[in-house]
Protein chains: 2
Amino acid sequence: MEKLSKELIGASSTPIILSILTKNESYGYEIIQNIKEITGGKIEFGEGTLYPVLHKLEKKGLIQSSWKVAESGRKRKYYKISNEGKKELKIEKENWNTINQIISKIWKVEPNLI
Amino acid sequence: MEKLSKELIGASSTPIILSILTKNESYGYEIIQNIKEITGGKIEFGEGTLYPVLHKLEKKGLIQSSWKVAESGRKRKYYKISNEGKKELKIEKENWNTINQIISKIWKVEPNLI
DNA sequence: TTTTTATACATCGAACTTCTATGTATATTT
DNA sequence: AAATATACATAGAAGTTCGATGTATAAAAA
């Protein structure tokens with residue numbers, strides 16, 4: 001089992017990013033490493049993929065950014081989740097449960113709530 | 001809980017269609033009704049959405065089509081799954097399990113195999 | 001009988017997505 | 001001094017969903 005399909009990546013990227021930002025503020029480059037780590041390399045975002053997603057989420061008001069200077073002296077754009085984003089994450093979780101119930105039924109196995 | 005997001009639809013459309021065709025041959029219009037029924041209206045494909053997906057799957061060799069005339073006298077394009085399609089469905093199921101384990105972990109609940 | 005609805009296929013263009021490539025810049029390591 | 005890692009950003013290619021539109025025929029309703 002290798003890398004996941006583009007479609008599955010697309011469906012999971014928003015809830016995964018919002019979940020990460022629920023735990024801590026973070027910035028693009030770190031989020032990429034983080035996702036790679038927690039998925040055991042099964043999801044690897046390129047920078048050209050993740051940054052536009054972050055911009056989209058910010059534009060929709062689900063996350064907010066602010067430039068900060070790290071101890072290293074490097075500038076980083078930190079993102080935090082907004083209240084809107086928390087609501088959206090809740091909806092996304094419900095949607096994920098729904099689709100799981102649907103495909104569980106189609107594949108005739110027990111549905112699994114997440 | 002209403003209709004599912006475009007992304008989730010996109011991620012699930014291929015496995016759902018292949019699963020339907022694993023049970024019986026079917027044709028576009030019927031597949032649309034079928035999906036609407038088994039998902040309780042949560043997934044509703046428009047014709048302009050489903051037909052291109054079927055064409056794509058056929059082009060990739062996952063399904064095969066043949067025109068037939070129904071008892072009603074109506075012409076229908078029936079699709080059946082190919083061996084390639086069966087292999088693909090297996091992979092898609094594995095991928096679905098993988099992503100479920102990943103997001104289960106992220107959301108800190110027990111992982112659930114489908 | 002004429003009109004409407006349901007069935008059945010197809011394509012187009014708008015909007016959006018992912019991905020690879022490219023560009024810029026700075027800190028750290030070799 | 002050079003190479004690598006960190007950090008952000010955008011552009012263009014390819015692919016997707018979706019509503020709109022078009023064609024055609026069978027069944028149902030007016």
Side-chain angles (χ1 to χ4, degrees), chain A residues 2-17 25-37 39 42-60 62-79 92 95 99, chain B residues 2-17 25-37 39 42-60 62-79 92 95 99:
Chain A
E2 348 256 274
K3 293 228 307 177
L4 289 167
S5 70
K6 200 190 342 191
E7 289 79 17
L8 240 20
I9 304 277
S12 60
S13 63
T14 296
I16 288 178
I17 292 168
E25 279 193 23
S26 189
Y27 54 96
Y29 197 85
E30 190 181 53
I31 292 172
I32 291 171
Q33 314 301 323
N34 196 349
I35 291 177
K36 188 177 170 183
E37 194 196 329
T39 66
K42 278 171 190 126
I43 298 180
E44 278 189 66
F45 279 97
E47 296 172 75
T49 305
L50 185 75
Y51 289 124
V53 174
L54 290 174
H55 298 162
K56 179 193 71 177
L57 296 180
E58 182 166 32
K59 200 172 167 193
K60 288 168 82 178
L62 306 182
I63 60 177
Q64 282 150 1
S65 70
S66 56
W67 285 98
K68 292 186 185 173
V69 179
E71 323 77 55
S72 61
R74 227 167 231 305
K75 281 199 293 181
R76 291 172 181 161
K77 201 176 192 177
Y78 277 83
Y79 289 95
E92 300 257 1
N95 283 344
I99 192 70
Chain B
E2 348 256 274
K3 294 228 305 177
L4 290 167
S5 70
K6 204 193 331 197
E7 289 78 19
L8 239 20
I9 304 278
S12 60
S13 63
T14 296
I16 288 178
I17 292 167
E25 278 193 25
S26 190
Y27 54 96
Y29 197 85
E30 190 179 53
I31 292 172
I32 291 171
Q33 312 302 322
N34 197 350
I35 290 177
K36 188 177 170 184
E37 196 197 328
T39 66
K42 278 172 192 125
I43 298 180
E44 278 188 66
F45 279 97
E47 296 172 75
T49 306
L50 185 74
Y51 289 124
V53 174
L54 290 174
H55 298 162
K56 179 193 70 176
L57 295 180
E58 182 167 32
K59 200 172 167 194
K60 288 168 81 177
L62 306 182
I63 59 178
Q64 282 149 0
S65 69
S66 55
W67 284 96
K68 291 185 185 175
V69 179
E71 324 77 56
S72 60
R74 227 165 232 306
K75 282 201 292 180
R76 291 173 183 160
K77 200 177 193 177
Y78 278 84
Y79 289 94
E92 300 258 0
N95 282 346
I99 191 70

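Chain A is the first sequence line, chain B the second, and so forth, proteins listed ahead of strands; every chain is numbered from 1.
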Exercise. What's the OH-C1' distance between A:Tyr79 and D:dA7, to the nearest Å?
Worked result: 11 Å
Exercise. Residues two or more places apart in sequence or in another chain: which of them pass side-chain contact (heavy atoms from CB on, under 4.5 Å) with A:Lys56?
Worked result: A:Thr14, A:Lys60
Exercise. To the nearest Å, how far apart are A:Glu30 CD and D:dC8 C1'?
Worked result: 15 Å
Problem set entry | Phosphate-side-chain proximity, B:His55 and C:dC9, N/O vs OP1/OP2 below 4.0 Å | no
Exercise. For the pair made of CZ in A:Arg76 and P in D:dA9, what is the distance, rounded to whole Å?
Worked result: 14 Å
Problem set entry | CD1 on B:Ile35 to CD1 on B:Ile43, rounded to 0.5 Å | 7.0 Å
For this session: Over all heavy atoms of both residues, which pair between B:Ile32 and B:Phe45 is shortest? Give the atoms and the distance, please.
Result: CG2-O, 3.4 Å
Exercise. Counting just side-chain N and O atoms, does A:Lys77 come under 4.0 Å of either OP1 or OP2 of D:dA9?
Worked result: yes
Exercise. A:Tyr51 side chain N/O closer than 4.0 Å to the phosphate oxygens (OP1, OP2) of D:dC8?
Worked result: yes
Exercise. Reading nucleotides 15-20 of chain C 5' to 3', which nucleotides get B (base under 4.0 Å from a protein heavy atom), which S (sugar-phosphate only), which -?
Worked result: --SSBB
Problem set entry | Non-hydrogen atoms of A:Lys68 and A:Tyr78 that approach each other most closely | CB-CD1, 3.8 Å
For this session: Taking all non-hydrogen atoms of both residues into account, name the closest pair between A:Gly10 and A:Ser13 and its distance.
Result: O-OG, 3.4 Å
I'd like a table of donor-acceptor pairs (distance under 3.5 Å, sequence neighbours excluded) in which one partner is a side-chain atom from residues 47-55 of chain B, with atom names and distances.
from	atom 1	to	atom 2	distance (Å)
B:His55	ND1	B:Tyr51	O	3.4

For this session: Ignoring backbone atoms, establish whether A:Tyr27 has a side-chain N or O less than 4.0 Å from OP1 or OP2 of D:dA7.
Result: yes
Exercise. Rounded to the nearest 0.5 Å, how far does OH of A:Tyr27 lie from NZ of A:Lys75?
Worked result: 15.0 Å
For this session: Please list, chain by chain and in numerical order, all residues satisfying side-chain hydrogen bond (donor to acceptor under 3.5 Å, both in side chains) with B:Gln64, sequence neighbours excluded.
Result: none
Problem set entry | Distance, rounded to the nearest Å, where B:Ile17 contributes CD1 and D:dT16 contributes C1' | 13 Å
For this session: Check the distance between D:dC18's P and B:Leu50's CG and give it to me in whole angstrom.
Result: 11 Å
Seminar exercise, completed: Heavy-atom contacts, protein to nucleotides 24-30 of chain C, under 4.0 Å, summarised as B (base), S (sugar-phosphate only) or - (none) per nt, yield --BBS--
Exercise. Once you round it to whole Å, what is the distance between P of D:dA5 and NZ of A:Lys75?
Worked result: 23 Å
Exercise. In whole Å, what is the span from the CD1 atom of B:Ile32 to the C1' atom of C:dC9?
Worked result: 10 Å
Seminar exercise, completed: With sequence neighbours left out, the residues meeting side-chain contact (heavy atoms from CB on, under 4.5 Å) with A:Ser26 are A:Leu21, A:Glu30, A:Ile31
Exercise. Atom CD of B:Gln33 to atom P of C:dA8: distance rounded to whole Å?
Worked result: 8 Å
